[in-house]
Amino acid sequence: MYTPSDLADLLDCEHRSVLRQAHAAGVAGAPRPVRGGDQLAAKHGRAHEQATLTRLREEVTALVEIDERDPATAATETAAALAAGTDVVYQAVFLDETFSGRADFLQRDAQGRYEVYDTKLARRARPGAVIQLAAYADALRRAGWPSGPNMHLLLGDGSTETLRVDDFLPLLRRLRDRLTSREPGLPEQLWADERAACGTCAFAQHCADGREADRDLSLVAGMRTDQRRKLAAAGLGTIDALAQAGPEARPKSISPASFTALRAQAAIQVRQDATGKISYEVVDPDALASLPAPSPGDVFFDMEGDPYALDGDGLEYLFGAVTADGARGFTPFWAHSRRQEKKAFEDFVDFATARLGPVLRIFT
Ligand code: SF4
């Protein structure tokens, strides 16, 4: 049995997919996924879905909501709603011997064909979301319901991304075959290399702990993936090995300057790990010395924003300034609306202008 989320996992990170399958199958030693994630995004995601539901309730004559939690009963209710020609089926459930999934909306077009609509808070169609959508569209077809050629993502910025189902079926089949032909088990190495998908992954801590425990080269600040691969191939697979390496250990494909810098960085971090004291080396004293001398007029400025505020339009809700003379410490300029955002920025500009003297620098 696989779900649309399993396909998205496989697309985002095969390691995650393997770990999740092992955990679900009860494989001994399989790490447990950590629930939680981005609560703010989840909250706004639910609000986006509810807003779509409210809009559709006003637009169509017949909308059926499948709120039954038991998958088998929910699938039966979904089939009944589709058979009745309902305009929109909300939380439609598909269930057969191999697949289980719950689509946000199935909407009937003028020709009586259904198409899948899924709400996503993102402002662009991400691969994982598209493959989930394709899985629902495929389930709709396999169950024999009249279905249209397209599928749709209702995005967080109010736009709709419409895609052709047929364009994604070959990829869907490849992923499905890979997923269903794999036996549950654990990979030899329980963690994997960092990638974009780690940011929202339920195994993020597990993999980070693994990299740390194995002293992986990815711990070295500024290390690129290709450099890490070349160093590991040359037998320098840990931060400790790199820290102790001499110039003769340099792989030919890494320049002497890059190797020296990475080796020095590794050595600093290893020293800091061992002593527990902040460790540093001044690499380029001239560059450091070219920084301007501190001035009483100096302002250190930062802004904080909420991309979900104001119905997804986003808001810069805080402009903050720390002044170098310390007289006022931290000065915040808060905003809770578009009007206040404008005012907060104007107030900050007035604040900075009032400090105008022989030298005024704003560091951001
Ligand atoms: S933390 Fe990153 S590498 Fe580990 S399973 Fe998740 S996405 Fe994959």
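All values below were derived from every heavy atom in this structure, side-chain atoms included, with hydrogens, water molecules and symmetry-related copies excluded. Read the numbers this way: they start at 1 and go in the same order the structure lists the ligands and their atoms.
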Student: Does a donor on one side chain sit under 3.5 Å from an acceptor on the other, for D6 and T3?
Tutor: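 The answer is yes; a qualifying pair exists.
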Student: N/O/S atom of H15 under 2.8 Å from atom 8 (Fe) of ligand 1, yes or no?
Tutor: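 Checking H15: none of its N, O or S atoms is under 2.8 Å.
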Student: Check R195 against ligand 1 and report side chain, backbone, both or neither, counting heavy atoms closer than 4.0 Å.
Tutor: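 The part of R195 near ligand 1 is the side chain, not the backbone.
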Student: Which ligand 1 atoms does R16 reach within 4.0 Å, using its non-hydrogen atoms?
Tutor: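 Answer for ligand 1: 5 (S), 7 (S).
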Student: Suppose I only count heavy atoms of F203 and a 4.0 Å limit; which atoms of ligand 1 are within that range?
Tutor: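 That gives atoms 1 (S) of ligand 1.
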Student: Check this for me, if you would: do E14 and R178 make a salt bridge, where the nitrogen-to-carboxylate-oxygen distance has to be below 4.0 angstrom?
Tutor: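 Answer for the salt bridge query: yes.
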Student: Any Lys/Arg nitrogen of R228 or E194 sitting under 4.0 Å from an Asp/Glu carboxylate oxygen of the other?
Tutor: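 Looking at E194 together with R228, the answer is no, because their closest N to O distance does not fall below 4.0 Å.
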Student: Identify the closest protein heavy atom to atom 6 (Fe) of ligand 1: which residue and atom is it, and at what distance?
Tutor: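 Closest protein heavy atom to atom 6 (Fe) of ligand 1: C201 SG, 2.3 Å.
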Student: With respect to atom 2 (Fe) of ligand 1, which of C198, P33, A208 exhibits the smallest heavy-atom separation?
Tutor: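 That would be C198.
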Student: With heavy atoms of A204 as the reference, note each atom of ligand 1 found under 4.0 Å away.
Tutor: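 Listed by number with element, the hits are 1 (S).
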Student: Hey, does D193 sit under 4.0 Å from ligand 1 if you only count heavy atoms?
Tutor: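 Under 4.0 Å: yes for D193.
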Student: Answer yes when D138 and R173 have at least one side-chain N-carboxylate O distance shorter than 4.0 Å, and no when they do not.
Tutor: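 So D138 does not pair with R173 through a salt bridge.
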Student: For ligand 1, which atoms have a heavy atom of A192 less than 4.0 angstrom away?
Tutor: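 Contacts of ligand 1 toward A192, numbered from 1: 3 (S).
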Student: What do you reckon, are the aromatic ring centroids of F301 and F348 less than 6.0 Å apart?
Tutor: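 Yes, ring centres under 6.0 Å apart.
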Student: Salt bridge between R271 and E281, side-chain N to carboxylate O under 4.0 Å?
Tutor: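 Salt bridge: yes.
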Student: Is atom 4 (Fe) of ligand 1 less than 2.8 Å from an N/O/S atom of C13, whether that atom is in the backbone or a side chain?
Tutor: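 Here the distance criterion (N, O or S atom, under 2.8 Å) is not met by C13, so no.
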Student: Salt-bridge test for R338 and E341: reply yes if a basic N is under 4.0 Å from a carboxylate O, no otherwise.
Tutor: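 Judged by the 4.0 Å cut-off on N to carboxylate O distance, R338 and E341 do form a salt bridge.
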Student: Can you tell me which residue and heavy atom of the protein come closest to atom 4 (Fe) of ligand 1, and the distance to 0.1 Å?
Tutor: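 Atom 4 (Fe) of ligand 1 sits closest to the protein heavy atom C207 SG, 2.3 Å.
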Student: Check R141 with D166, please: is the shortest side-chain N to carboxylate O separation under 4.0 Å?
Tutor: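 Judged by the 4.0 Å cut-off on N to carboxylate O distance, D166 and R141 do form a salt bridge.
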